[in-house]
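All values derive from a computational prediction rather than experimental measurement.
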Amino acid sequence: MLDIKYIIANLDEAKRKTANRGAEFDFDLLISLDDKRKSLQAENDQLKAERNKVSKEIGAIKKSGGDISEIQAKMREAGDRIAAIDAELNEAAEKMNDMLLNLPNLHLEDVPVGKDENENTLYKEWGTAKDFNFEAKPHWDIADGLGILDFERGVKVSKSRFTAYMGLGAKLERALINFMLDTHAERGYKEVIAPYLVNAEAMKGTGQLPKFEEDLFKCERDELYLIPTAEVSVTNLYAQEILDEENLPVKHCSYSACFRREAGSHGKDVRGLIRQHQFNKVELVKVTRPEDSETELMELLESAEIILQKLNLPYRVMTLCSGDIGFSSAKTFDIEVWLPSQGAYREISSCSTFTDYQARRASIRFRRKGEKKVEFAHTINGSGLAVGRTFLAVLENYQNEDGTVTVPEALRPYLGGLEVIS
RNA sequence: GGAGUGGUGGCCGAGCUAGGCUGAAGGCGCUCGCCUGCUAAGCGAGUAUACGGCUUAUACCGUAUCGAGGGUUCGAAUCCCUCCCACUCCGCCA
């Protein structure tokens with residue numbers, strides 16, 4: 001969340017950038033709640049100070065055998081007043097906090113201002129689309145022909161948007177995961193496996209709650225949520241902690257299954273692997289010093305790109321505009337991979353810096369060497385990559401006319417040297 | 001699932017069955033200073049976080065925090081209630 005003090009000191013900026021997102025927010029109400037909170041607290045603190053003082057005196061008087069009934073009665077009244085102000089104070093503080101939790105992050109100055117995805121700007125392009133001398137098939141047809149995905153049986157045991165990977169399909173998925181993790185490990189990312197089910201506190205920390213509850217699968221009776229991305233469990237590994245500066249940046253890569261309800265995208269991408277309720281992803285997560293976060297974001301983006309480069313899959317990188325970046329993000333690059341069957345680029349990774357927005361919510365702080373004061377860290381994360389979408393991009397870009405799929409060279413060591421899936 | 005024990009500062013660990021002098025003994029660790037051929041030992045001082053006030057900034061002052069929330073009380077780490085978590089034993093189980 002944003003720092004209330006920062007908002008007050010930079011109100012124009014906060015209003016402008018929130019409007020740039022297309023978000024509505026009542027800043028005046030927020031500030032009036034803060035004022036109320038402050039004056040109530042000042043009054044309350046004073047009363048409590050008095051009570052603490054007198055209570056000590058009562059102790060002394062009682063010890064020396066004096067009469068305390070009168071002073072005690074007076075303090076009883078003071079206690080009632082404190083309780084009343086306490087209630088009012090808590091209400092104002094809670095309201096203010098609720099508002100703050102629903103206020104999105106401020107974007108960085110170099111983020112293009114725009115309404116929606118149509119105003120995202122091209123950051124770079126890499127690779128050239130292969131020229132097929134036959135009609136490129138969608139991945140579900142390819143997979144069907146090879147018997148490596150079973151959409152019907154996936155639906156049978158669960159519901160729509162759940163799929164079973166069969167035989168070499170399952171192997172290819174696993175090869176991709178291992179290939180990605182190994183590649184990132186070489187670049188200094190420490191591998192972690194964190195819980196898939198997390199509590200509400202963690203979801204609040206990274207910004208999924210309270211605003212996006214309907215996008216999450218929830219295990220009601222245990223009060224736990226299925227993670228929509230490993231970002232949640234990995235980032236929150238450091239919640240409520242004060243890290244040493246020398247341990248920064250923290251760099252993690254993490255494979256996890258991800259679960260999304262996809263509420264509100266009913267008609268979209270109903271066929272194939274693009275939009276599933278459950279999918280695999282390798283996530284990159286960093287905790288950094290504020291001054292390092294922008295360069296670390298670029299390094300993270302590069303790490304994600306390297307996967308596509310090694311697989312020789314054409315892609316482009318888009319800078320998301322102010323209206324399209326996520327709730328908690330201050331700046332986001334999307335990597336989009338080329339899909340020949342659609343003749344279009346589709347998102348395969350999203351790399352963001354959250355500045356200190358998540359760090360404040362999750363209370364992830366650090367102490368500089370020799371300093372007493374603690375500061376909020378910055379958090380960064382990105383997919384490196386969405387495995388299911390990489391899987392389908394490989395099928396589509398490496399398909400042959402006879403329905404077989406050539407295995408990208410980088411993956412062959414992970415598939416026992418296999419060259420063609422047939 | 002059954003039975004039990006416990007959650008205190010960076011860590012260990014007192015206090016909790018006589019509620020006030022305990023933000024919290026003691027030890028360890030860490031920081032600074034002294035001492036010292038070097039290291040070790042020794043000596044001295046310091047060592048939580050949040051919010052608010054004051055301040056140019058330090059400093060300082062106030063409030064809160066002993067798993068979380070609520071209650072009793074003039075006053076609670078200490079008493080009562082609810083919840084959460086960890087550990088041990090038994091049962092069950094990948």
A/I82 atom CD1 is separated from B/U73 atom P, nearest whole Å, by 14 Å
Pairwise N/O distances under 3.5 Å, protein to nucleotides 45-49 of chain B:
residue: B/U49; atom: OP1; partner: A/R367; partner atom: NH1; Å: 3.0
residue: B/U49; atom: O3'; partner: A/R365; partner atom: NH1; Å: 3.0

Paired nucleotide for B/G52 [Watson-Crick or G-U wobble; both distances under 3.5 Å]: B/C61
Applying the Watson-Crick and G-U wobble criteria at under 3.5 Å, what pairs with B/U82? Answer none if nothing qualifies. B/A68
Starting at the 5' end of RNA chain B and moving along, which residue's nearest nucleotide shows up first, A/D34 or A/K56? A/K56
In whole angstrom, give the distance that lies between atom CD of A/E241 and atom P of B/A50. 15 Å
Specify whether A/Y196 and A/F259 have parallel, tilted or perpendicular ring planes, treating 30° as the upper limit for parallel and 60° as the lower limit for perpendicular. tilted
Let's see if you can work this out: which of B/G53, B/C74, B/U63 has an atom nearest to the side-chain heavy atoms of A/K48? B/U63
Any strand counts, and the cut-off is 3.5 Å on both contacts for Watson-Crick or G-U wobble. Which nucleotide pairs with B/A76? none
Using the C1' atom on both, measure B/A14 against B/C93 and round to a whole Å. 41 Å
Within a 6.0 Å radius of atom CD on A/E214, are there more than 12 heavy atoms belonging to other residues, nucleotides or ligands? yes
On a whole-Å scale, what distance lies between the P atoms belonging to B/C30 and B/U36? 23 Å
Rounding to an integer number of Å, can you tell me how far A/E201 CD sits from B/G67 C1'? 13 Å
List the residues meeting ring pair (Phe, Tyr, Trp, His ring centres under 6.0 Å) with A/Y398, not counting sequence neighbours, and say none if there are none. none
Give the rounded distance in Å between these two atoms: CG of A/L40 and C1' of B/G53. 15 Å
Can you tell me how far C1' of B/U65 sits from CD of A/Q240, to the nearest Å? 14 Å
Can you label the angle between the A/F217 ring and the A/F162 ring as parallel, tilted or perpendicular, going by 30° and 60°? tilted
Which base sits across from B/A14 as a Watson-Crick or G-U pair, both distances under 3.5 Å? none
Under 3.5 Å, is there a donor on one side chain and an acceptor on the other for A/Q358 and A/T379? yes
Taking atom P in both B/G46 and B/C60, what distance in whole Å separates the two? 12 Å
So which protein N/O to nucleotides 75-83 of chain B N/O distances come out below 3.5 Å?
residue: B/G75; atom: OP1; partner: A/R51; partner atom: NH1; Å: 3.4
residue: B/G75; atom: O4'; partner: A/S55; partner atom: OG; Å: 3.2

Whole angstrom value for the distance that separates P of B/C21 from NZ of A/K53: 16 Å
A/K5 side-chain N/O to B/G52 phosphate OP1/OP2 under 4.0 Å: yes
Nucleotide paired to B/U47 in any strand shown, Watson-Crick or G-U, under 3.5 Å: B/G29
If you draw a 6.0 Å radius around CD in A/E94, do more than 12 non-hydrogen atoms from other residues or ligands fall strictly inside? no
Distance check needed: B/C85 C1' versus A/L197 CG, whole Å only. 17 Å
Within the 3.5 Å criterion, strictly below it, is a donor on A/T332 or A/S352 matched to an acceptor on the partner's side chain? yes
Determine the interatomic distance between C1' on B/C16 and the same-named atom on B/G6; round to the nearest Å. 13 Å
Between B/U8 and B/A24, how many Å separate the two C1' atoms, rounded to a whole number? 8 Å
Could you check which nucleotide pairs with B/A41 in any of the strands shown, counting Watson-Crick or G-U wobble with both distances under 3.5 Å? none
5'-most contact on RNA chain B (nearest-nucleotide basis), A/N90 vs A/Q41, goes to A/Q41
Distance check needed: B/U31 C1' versus A/E245 CD, whole Å only. 16 Å
What is the pairing partner of B/A3, taking Watson-Crick or G-U wobble pairs with both distances under 3.5 Å in any strand? B/U88
Please state the P separation for the pair B/C28 and B/G44 - nearest whole angstrom. 12 Å
Parallel, tilted or perpendicular, as decided by the 30° and 60° cut-offs, for the rings of A/F327 and A/Y357: perpendicular
When the C1' atoms of B/C12 and B/G91 are compared, how many Å lie between them, rounded to an integer? 35 Å
Does B/C93 have a Watson-Crick or wobble mate here (both distances under 3.5 Å), and if so which one? none
CA sep, side-chain torsions, deciding dist, call: A/R76, A/D80, salt bridge (charged side-chain N to carboxylate O under 4.0 Å, His left out): CA-CA 6 Å; A/R76 213 187 317 260; A/D80 290 345; over 6 Å; no
Reckon A/R37 has a side-chain N or O less than 4.0 Å from the OP1 or OP2 of B/G52? yes
Is the number of heavy atoms from other residues, nucleotides or ligands within 6.0 Å of CD (A/E246) greater than 12? yes
Taking the P atom of each, how far is B/G13 from B/C54, in whole Å? 44 Å
Counting only heavy atoms not in A/R153, do more than 12 fall under 6.0 Å of its CZ? no
Say whether A/N381 and A/T235, considering side chains only, have a donor N or O and an acceptor N or O under 3.5 Å apart. no
Give me syn or anti for B/A25, where syn covers glycosidic angles within 90 degrees of 0. anti
